[in-house]
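Take a look at the structure below.
In what follows, every chain begins at residue 1, and chains take the letters A, B, ... in the order their sequences are listed.
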Number of protein chains: 2
Amino acid sequence: MSRQIFIGNVAVGGGAPTTIQSMCNTATYDVAGTLAQINTLAAAGCQIIRLAVPDMASAAAFKSITAQSPIPVIADIHFDHRLAVKAIENGAAAVRVNPGNLGGSDAVKAVAEALLKYRVPVRVGANSGSLPKEFVQHLAATDPAEHDELLSDALVQAVMGQIAEFERYGVRDIKVSLKASSVPATVKAYRKFAQRSDYPLHVGVTEAGTPARGIVKSSIGIGALLLDGIGDTIRVSLTADPLQEVIAATRILESIGLRSAAPDLVACPTCGRTKIDLVALAEKVENLINRIKAEKGVIGLKKIAVMGCVVNGPGEAKDADLGIAGGDGKVVLFRQGSIVATLDEAEGFEALEKIIRENTIWQ
Amino acid sequence: MSRQIFIGNVAVGGGAPTTIQSMCNTATYDVAGTLAQINTLAAAGCQIIRLAVPDMASAAAFKSITAQSPIPVIADIHFDHRLAVKAIENGAAAVRVNPGNLGGSDAVKAVAEALLKYRVPVRVGANSGSLPKEFVQHLAATDPAEHDELLSDALVQAVMGQIAEFERYGVRDIKVSLKASSVPATVKAYRKFAQRSDYPLHVGVTEAGTPARGIVKSSIGIGALLLDGIGDTIRVSLTADPLQEVIAATRILESIGLRSAAPDLVACPTCGRTKIDLVALAEKVENLINRIKAEKGVIGLKKIAVMGCVVNGPGEAKDADLGIAGGDGKVVLFRQGSIVATLDEAEGFEALEKIIRENTIWQ
């Protein structure tokens, strides 16, 4: 098990629940705009937020932002260690630095002193796109598998070097990430690091791209690691509104069983056997669930099954608190494994909605 | 390594490239409609197609469909072994059966004889929703992890029993699937089976639901297994048009490096550092790539990087055949690691498009 650190009041590692983080795309010095986005993301389930700190105006803005944010705020630092020190002084719950890009050892020492003084952890985050020059031998590899192997080694080495520098000054509250834009390289890097160290891990695939591809890449990379028990906090990186990152991250945790899907909507694919409009029915049920959740309703059903036919229908429905299975123009309604009604297809959704709403508690 | 079988002319297992399959949602007896959908799916990259065979009219339709389909056609059989025999006689490239639902041993014997006579393989496919009664002890588990453990054992046992029945009659061309609607249970089941047997594996998560959740669940489950080297053919099950299944399956294989993404579009998430409209630019580049590919253009660039700023931009761009990195109202264009132009933001996409089109070969 990884050791535990705290980002503000949020435990990361040491068996704490895996948390979701994202990054604002507002200008950090725009305090009102940034806080508005933080609030939106927090309401959607984001538990830790990171802000870019490219200049002193952004570092200065941390004072107001951290005072008002409902979730801990991390400062993302590149190139200039003074920005890190200023953000820490202004209430940053952690800083993130890339191996080797803070400047020389004086710069690391200055950041380490601020970390220790304010009892703030640091993320040592390596990215395939910003590895120091001495680690880029993988670029010479012609075979993709060899490239991924060398790149994952480079990420581990880069991180280890930066960790050693911080440890020299007594910093122990460290969180680590080793992200590549290649999914296999990312997974290899985290697995290798987890064998060598118990620092908690921030897991993600970097520059995963637009949602169409990025959600697939992030789901595979983050999901495979979480299934292995690797990953204490996650970020889905998408070229999109960060809200989409939080939604995708939530779905990954739900799929792994690390967060209650509450209710888990199981629906079968369509095939030539399906005689009802299953896609429309499943989409309607999903939208209903999302709407109720957005309005802070807690649905007291663990699993809802929307099934097209009699092959897997009764079986999945038996395992579900509420199920519907299609027949020829008719649907059968199940509760806890028993048929409770046979209805016309048109009545199916209304019957489901009634039961779902009866089992919802409003907060 | 798994042993190799052939579904029609498509090799499955034994080191053959991982193939994509899907299932039509037309009525199988509608020959013209089914062929039209097969052609659409095949054009999108589907390599093996499966059709439901709920009645004799559907089994009879296999004659015309298999004669005209550009890809091998599998018959999906439940409950009635005569449908399997008829579909095999009519050219089915394989049949899929669920453990225990064909009927008694006479039924299995009849199917086995047809399989051997026509040299056709069988998929033994267990689903969490249709396990025979004797395997459903997992439903009594209260702890989710224990449920997944017991369910994965049940899937393996159910499959092993059905395999033994077929082997008794000399059938050796067998493909196996062990799908649960729970991702962890699915991954556990395949890993356990792969340790015990070298039959090739058809991998998927069953009843994954609508695309919003189903793509995440399928990406994690299929992706984690493929990263382990488990999986000879894959199906993404979505409550949606099967075309979406093929697109998602393609993206999973590309993300794992099992299929050339050609070009791989790497794009960073937005953050407060981004000064250009990165989301719009990345979406435009992705749409351009998709459009060119749909028109059968082969883009001779392995990796295109669309980066928001100077942190990871130059690094990823260095590793890319073509890259663009944003600055303050300006963008920098990279080719093979060298800056080739500094342009106004508005000119960036046109410059990229020009280079992408110059590197496209039309088939």
Review point. Is chain B contacted by the side chain of A:N287, its backbone, both, or neither, given a heavy-atom distance below 4.5 Å?
Key: neither

Exercise for review: Test A:D76 against B:R273 for side chain to side chain contact (heavy atoms under 4.5 Å, CB included), laying out the working first.
Suggested key: CA-CA 10 Å; A:D76 193 67; B:R273 220 175 280 279; 3.4 Å; yes

Exercise for review: Name the region of B:D30, side chain, backbone, both or neither, that has any atom closer than 4.5 Å to a heavy atom of chain A.
Suggested key: neither

Check your understanding: Taking all non-hydrogen atoms of both residues, which atom of B:S255 and which atom of A:V183 are closest, and how far apart?
Key -> O-CB, 3.5 Å

Check your understanding: Contact part of B:C271 toward chain A, heavy-atom cut-off under 4.5 Å: side chain, backbone, both or neither?
Key -> both

Review point. Under a 4.5 Å heavy-atom cut-off, does chain A meet the side chain of B:S128, its backbone, both or neither?
Key: both

Check your understanding: Considering only heavy atoms, which portion of B:K303 lies under 4.5 Å from any heavy atom of chain A: side chain, backbone, both, or neither?
Key -> side chain

Exercise for review: Against chain B, label A:D55 side chain, backbone, both or neither, depending on which of its atoms sit under 4.5 Å from a heavy atom there.
Suggested key: neither

Check your understanding: So which of B:N127, B:T28, B:N101 has the biggest tally of heavy-atom pairs under 4.5 Å with chain A?
Key -> B:N127

Exercise for review: Using a cut-off of under 4.5 Å on heavy-atom pairs, state which of B:K188, B:E245, B:K217 scores highest against chain A.
Suggested key: B:K217

Check your understanding: If you tally heavy-atom pairs under 4.5 Å against chain A, which of B:A240, B:G257, B:S22 wins?
Key -> B:A240

Practice item. Determine whether more than 12 heavy atoms belonging to other residues, nucleotides or ligands lie under 6.0 Å from atom OH of A:Y29. Key: no

Point to revise | Interface residue of largest heavy-atom contact number with chain B, from A:P211, A:S237, A:A27, under 4.5 Å | key: A:S237

Review point. Of the backbone (N, CA, C, O) and the side chain (C-beta and beyond), which part of A:P184 lies under 4.5 Å from a heavy atom of chain B, both, or neither?
Key: both

Which pairs of donor and acceptor atoms, one on a side chain in residues 276-284 of chain B, lie under 3.5 Å apart (sequence neighbours left out)?
| residue | atom | partner | partner atom | Å |
| --- | --- | --- | --- | --- |
| B:D277 | OD1 | B:A280 | N | 3.4 |

Revision key, fill the gap. Answer key: most heavy-atom pairs under 4.5 Å with chain A among B:H78, B:E207, B:R235, B:R213 is B:E207

Check your understanding: So, do A:M23 and B:P269 sit near enough that their side-chain heavy atoms are less than 4.5 Å apart?
Key -> no

Exercise for review: Please name all residues satisfying side-chain hydrogen bond (donor to acceptor under 3.5 Å, both in side chains) with B:S181, sequence neighbours left out, ordered by chain then number.
Suggested key: A:E316

Practice item. Please flag which part of B:V306 lies under 4.5 Å from any non-hydrogen atom of chain A: side chain, backbone, both or neither. Key: neither

Revision key, fill the gap. Of B:V266, B:T210, B:V205, the largest count of non-hydrogen pairs under 4.5 angstrom with chain A goes to B:T210

Point to revise | Toward chain B, the part of A:V53 with a non-hydrogen atom under 4.5 Å | key: backbone

Exercise for review: Please state whether the side chain, the backbone, both or neither of B:A212 comes within less than 4.5 Å of a heavy atom of chain A.
Suggested key: both

Exercise for review: Name, in order of residue number, those residues of residues 219-227 of chain B that have a heavy atom at a distance of less than 4.5 Å from a heavy atom in chain A; otherwise write 'none'.
Suggested key: B:S219, B:I220, B:G223, B:A224, B:L227

**Study point:** Among B:I256, B:I252, B:T250, the one residue meeting side chain to side chain contact (heavy atoms under 4.5 Å, CB included) with A:V216
**Key:** B:I252

Practice item. Kindly write out the residues that satisfy salt bridge (charged side-chain N to carboxylate O under 4.0 Å, His left out) with B:R191, not counting sequence neighbours, or none if the list is empty. Key: B:D228

Check your understanding: Between B:R50 and chain A, which part of the residue has a heavy atom less than 4.5 Å away: side chain, backbone, both or neither?
Key -> neither

Point to revise | Engaged part of B:V187 at the chain A interface, taking heavy atoms whose separation is under 4.5 Å | key: side chain

